[in-house]
Amino acid sequence: MTISEQGLNLIKRYEGCVLKAYRCPAGVLTIGYGHTGGVRDSQVITRQEADEYLKRDVKVAETCISTAIQGRLSQNQFDALCSFIFNVGCGNFLRSTLLKKIKVNPSDPAIRAEFAKWVHAKNVVLPGLVKRRKEEAELYFR
């Protein structure tokens, strides 16, 4: 599967697009729509480059899901998980209770609470992550 426009737009909405390198709340150099790989201090990119980074970065999430989950997911479930993984990383997803619950029963209502656990950066609850996780969970169950 691949992420839909709806999924890409969800990521774009929460990541925002910043064309000059900055440090995210977790202290990581970031540019475009949350791109972190090889970003240099004071780097500047175009909107087109930001879109290209996003499409490339999302492929990591798509592969992570396809490798970790053998069963069939709906497009909404896939998109929600792509947004989640894009934000927290594949390694965190692979070690998560969220994944364990999805593997047992992808329709388990307890999955909603698993999304809600991932709202911290440096041990501080971030309101933007609370909102994002809620929207990802709502999309997952739509």
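From a predicted model like this one, the values you see are computed outputs, not experimental measurements.
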Checklist entry - What pairs meet the ring-ring contact (aromatic ring centres under 6.0 Å, His included) rule with one or both residues in residues 8-46, with sequence neighbours excluded? => result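 The answer is His35-Tyr53.
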Checklist entry - Between the main-chain N or O of Thr67 and the side-chain N or O of Gln70, is there a donor-acceptor pair closer than 3.5 Å? => result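 Side chain of Gln70 to backbone of Thr67: a pair is present.
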Next on the checklist: Within this structure, what is the CD-CD distance for the pair Gln43 and Glu49, rounded to the nearest 0.5 Å?
Outcome noted: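 Going from the CD atom of Gln43 to the CD atom of Glu49 covers 8.0 Å.
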Next on the checklist: Checking Gln48 now: which residues fulfil side-chain hydrogen bond (donor to acceptor under 3.5 Å, both in side chains) with it, not counting sequence neighbours?
Outcome noted: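 For Gln48 the side-chain hydrogen bond (donor to acceptor under 3.5 Å, both in side chains) partners, ignoring immediate neighbours, are Glu52.
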Test item: [X] and [Y] side chains (from C-beta on) under 4.5 Å apart, heavy atoms:
{"X": "Arg23", "Y": "Val28", "answer": "no"}
{"X": "Glu62", "Y": "Phe78", "answer": "yes"}
{"X": "Gln6", "Y": "Arg142", "answer": "yes"}
{"X": "Leu129", "Y": "Trp118", "answer": "no"}

Item to check | Qualifying residues under side chain to side chain contact (heavy atoms under 4.5 Å, CB included), relative to Thr97, sequence neighbours excluded | outcome: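 For Thr97 the side chain to side chain contact (heavy atoms under 4.5 Å, CB included) partners, ignoring immediate neighbours, are Lys101, Glu114.
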Next on the checklist: Test of understanding: with salt bridge (charged side-chain N to carboxylate O under 4.0 Å, His left out), list the residues that count as partners of Glu138, not counting sequence neighbours.
Outcome noted: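 So Glu138 forms a salt bridge (charged side-chain N to carboxylate O under 4.0 Å, His left out) with Lys134.
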Checklist entry - Can you list every pair that meets disulfide bond (SG atoms under 2.5 Å apart) and has a residue in residues 95-142, with sequence neighbours left out? => result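 Of all non-adjacent pairs touching residues 95-142, none passes disulfide bond (SG atoms under 2.5 Å apart).
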Would you give me the side-chain donor-acceptor pairs under 3.5 Å for residues 79-93, sequence neighbours excluded?
unit_1 : atom_1 : unit_2 : atom_2 : d
Asp79  : OD1    : Ser4   : N      : 3.1
Asp79  : OD1    : Gln75  : NE2    : 2.8
Asp79  : OD2    : Ser4   : OG     : 2.4
Ser83  : OG     : Arg132 : NE     : 3.4
Ser83  : OG     : Arg132 : NH2    : 3.2
Ser83  : OG     : Glu136 : OE2    : 2.6
Asn87  : OD1    : Arg133 : NH2    : 2.3
Asn92  : OD1    : Arg95  : NH2    : 3.1
Asn92  : ND2    : Val88  : O      : 2.7

